[in-house]
Protein chains: 2
Amino acid sequence: MNRTPSASAEDYLKALYALSTAPDASERVNTKAIADRLSLSQPSVTSMLKSLQKQGLVSYASYRGAALTADGRTEALRVIRKHRLIEVFLHRMLGYSWSEVHDEAERLEHAVSDTLIDRMDAALGFPDFDPHGDPIPGRDLTMRSHDAVCLLEIEPPCEVTIKRVMSQDSAVLDWLGQRGIRPGAPIRLVHLSPFDGPAEIAIDDRAIHLGRGLASMLRVRPVDAD
Amino acid sequence: MNRTPSASAEDYLKALYALSTAPDASERVNTKAIADRLSLSQPSVTSMLKSLQKQGLVSYASYRGAALTADGRTEALRVIRKHRLIEVFLHRMLGYSWSEVHDEAERLEHAVSDTLIDRMDAALGFPDFDPHGDPIPGRDLTMRSHDAVCLLEIEPPCEVTIKRVMSQDSAVLDWLGQRGIRPGAPIRLVHLSPFDGPAEIAIDDRAIHLGRGLASMLRVRPVDAD
DNA sequence: TTTCAAAGTTAGACACGGCTAACATGTCAA
DNA sequence: TTGACATGTTAGCCGTGTCTAACTTTGAAA
Ligand SMILES: [Mn+2]
Ligand SMILES: [Mn+2]
Ligand SMILES: [Mn+2]
Ligand SMILES: [Mn+2]
C-alpha cells in the first residue's frame, strides 16, 4: 500500500501542498487547479488522486476535490525541503543564478537521497531560506513561517526589505535581479497608482515602476518592524 | 526517432559499454550478460535492445548479440562521465566515503544536466579519475586510457602503486579502505601462492593476504615504471 | 552427425502515467 | 426553478519497461 512515491506522485504532492496553503485558499484543492499547475489533463489528475488516496497520502472524494493527509503533507514537505536545499546548493556552491536553479532542482529533488540532502544541508550551514526567499523545512519537516507581507498591502511611502520573490519564471527573475530586486535588498515603496496602476519603488535611489503582477510577487517587511 | 534516452536506456548503454570494453571481451554483447549485469530478465533485455536499435544507439541482430553504434557509445560515455564526476563530487565536497558514492551516483547520473556536470567538473578542478580510480571521460567524451595492470599479472616480489579498484561492492570497498588499500597507495606484492592461492601483499609493513577474487580487482603499476 | 543444454525470442500480461472523447455533475445567474 | 457552462469523471487508448511461460535457435560435446 505505501511504497516510496514516484517522481510524478511527488510533484502532485508538492502541487497539492502549494495550492492548499496559498493565501485565501481552502484546504481542499480542485482537480483543475492541479491540472493547470502541472500542465496535465484533468483526467490524469483524477487518476493520480485516486492512486494517492490508495497510498494514504491524499483524501479524495469525487467532485469534492482533494486534501493532503498527514502522511501526504510529510512527503510533500520532504520534497520541498529537497528542492529548496538543492536550489541553495546550486546557487552558493556552483555559481547558479537564482533564475537557473529551479529547473535543475525540479529534477534533482526526485533523485537525491535523504542522506545526501542532509549532508548538503550541513555543508551549507543549515540555511533557512532558498535563493528566492522561500523558507526551507528543517530536518523535522516543519515549515518555518514566513512573516512577510505582499508589497501591495503596504501603505506608501515606506522603507521595506525584500524577503521573498514568488516567481520561478527565469525571465522575470533575471529582470528583477539585474535591478537588484532580490531577497535582502532594502527598497522604498514610493507610490501605488490607483486603478490597478503600477507600483513605484526606489532602490539605490533609482526609480522603478512595477506592474501589479510583478509587484504582487514581492513579499516584504517594513524596516522598522524588526 | 532520436529522443533523449530514458534513465533505463542509459543504464543499458552503460552496461553495453562496460561489457564490450571488458578485458578479452568481444564488441558484440550477449543478451544474458546484460541481463545478469542489470539484474533483469532476458526478455526485458531483448525488448530494450530492439528499442535502442530503433533509436540508432545499438546495432542488434537476433541471436547475434548487440553492439553500441557511434551515437550509442557517445551517450554511454556521457552517462559514465556524469556518474564518475558525481562520485568525485560526493567524495570530495560532501564527505562521502568511496563505498557510499556509487549507489547515489547511480540515480543522480540520470537527473543532472550537462550544464550542472560541467560546473561540478570545474569546481573539482577537472579531475581525471574517480574515487575508485576509474578514468573520467573529458568534456569531449573521449575515454582516457588507464595504463594499469592487474595485480595478478605482476611478478613478485614487486613494489607497485594501486591505480584502480574494480569493485562497487560497499562491503569490499570498506574492508579494503580500512586497510589502506585504495588508489594511490604504494604496496608491495610479496608472494603469489600457486593453485589459485592467495596473494600476499605488504602495505605500511603490514602483511595482508588477499584471495584471488579480491586480488584480481586491484589494478596497479610498478613504482619504477614512471 | 546428432543431440541437448544454454541462450534467446515470442507471446501475453501487468503497472504506471500520460492522453482524448464522451458523459456526468455542480453551480450560478436568470 | 432551471439552464448553461465550467468542472470533473469514465471509458478507452497508448508508450514504456518490467515480468513469466512457452517456444526457438545455437553451438559444443558426444
Ligand atoms: Mn519535480
Ligand atoms: Mn525556490
Ligand atoms: Mn543508473
Ligand atoms: Mn566509480
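Just so it is clear: chains get the letters A, B, ... in the order the sequence lines come, proteins before strands, and each one is counted from 1. Remember, predicted model here, so these are calculated numbers, not experimental data. Computation of the quantities below employed the complete heavy-atom set of this structure, encompassing side-chain atoms and omitting hydrogens, waters and symmetry-equivalent molecules.
- Applying the side chain to side chain donor-acceptor pair (under 3.5 Å) rule to B/His110 yields the partners B/Glu10, B/Asp11; only residues at least two apart in sequence or on another chain are considered.
- Nearest-nucleotide assignment on DNA chain C puts the 5′-proximal partner with B/Ser47, out of A/Ser47 and B/Ser47.
- Within the nucleic acid shown, A/Ser44 comes within 4.0 Å of at least one base atom, counting heavy atoms only.
- Remark: B/His91 pairs with B/Val101, B/Pro131 by the side-chain contact (heavy atoms from CB on, under 4.5 Å) rule, at least two apart or across chains.
- In the 5' to 3' direction, nucleotides of DNA chain D lying under 4.0 Å from heavy atoms of chain B begin and end at D/dG17 to D/dT26.
- Scanning for ring pair (Phe, Tyr, Trp, His ring centres under 6.0 Å) contacts around B/Tyr12 gives an empty result, with sequence neighbours left out.
- Distances shorter than 4.0 Å separate none of the side-chain N or O atoms of B/Thr46 from OP1 or OP2 on C/dG8.
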Next item on the list: Quick one: do B/Glu104 and A/Arg119 satisfy salt bridge (Lys or Arg N to Asp or Glu O under 4.0 Å)? Show the steps, please.
Entry: CA-CA 13 Å; B/Glu104 193 83 44; A/Arg119 300 208 192 183; over 6 Å; no
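- B/Ser170 pairs by the side-chain contact (heavy atoms from CB on, under 4.5 Å) definition with B/Ser99, not counting sequence neighbours.
- For the pair A/Ser6 and C/dG17, the criterion of a side-chain N or O lying under 4.0 Å from OP1 or OP2 is met.
- Under the side-chain contact (heavy atoms from CB on, under 4.5 Å) criterion, A/Ala111 pairs with B/Leu108, B/Ala111, not counting sequence neighbours.
- Taking the C1' atoms of five terminal pairs at each end of the helix from C/dT1-D/dA30 to C/dA30-D/dT1, the two resulting helix axes are inclined by 10°, rounded to 10°.
- The side-chain heavy atoms of A/Arg144 and A/Ile136, taken from C-beta on, include a pair separated by under 4.5 Å.
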Checklist line | Pair A/Thr142-A/Asp140, side chain to side chain donor-acceptor pair (under 3.5 Å): steps then yes or no | finding: CA-CA 6 Å; A/Thr142 53; A/Asp140 60 357; 2.9 Å; yes
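- In this structure, A/Ser41 reaches the bases: a heavy-atom distance under 4.0 Å links it to at least one base atom across the strands shown.
- Between A/Arg64 and C/dT25, a side-chain N or O to OP1/OP2 separation shorter than 4.0 Å is absent.
- Side-chain N/O atoms of B/Lys50 include none lying less than 4.0 angstrom from OP1 or OP2 on C/dT9.
- Rounded to an integer number of Å, the gap from CG of B/Leu49 to C1' of C/dG8 is 11 Å.
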Margin query: At under 4.0 Å between heavy atoms, how does the protein contact nucleotides 1-7 of chain C? Give one character per nucleotide, 5' to 3', with B, S or -.
Written below: ------S
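- Every side chain to side chain donor-acceptor pair (under 3.5 Å) that B/Glu109 has, sequence neighbours left out, goes to B/Lys14, B/His83.
- For the pair A/Ser51/A/Met48, a side-chain contact is recorded, criterion being any heavy-atom separation below 4.5 Å from C-beta on.
- Contact check of residues 9-18 of chain A against DNA chain D (heavy atom, cut-off under 4.0 Å) returns no residues at all.
- A donor atom on one side chain and an acceptor atom on the other are not found under 3.5 Å apart for A/Thr46 and A/Gln42.
- For the pair A/Asp147 and A/Lys163, the salt-bridge criterion is not met [side-chain N within less than 4.0 Å of a carboxylate O].
- Residues forming a side chain to side chain donor-acceptor pair (under 3.5 Å) with B/Arg164 (at least two apart in sequence, or on another chain): B/Asp134, B/His146.
- Put simply, CD on A/Gln55 is 12 Å from C1' on C/dA15, counting in whole angstrom units.
- Counting only residues at least two apart or on different chains, the salt bridge (Lys or Arg N to Asp or Glu O under 4.0 Å) pairs with a member in residues 82-95 of chain B are B/Lys82-B/Asp114.
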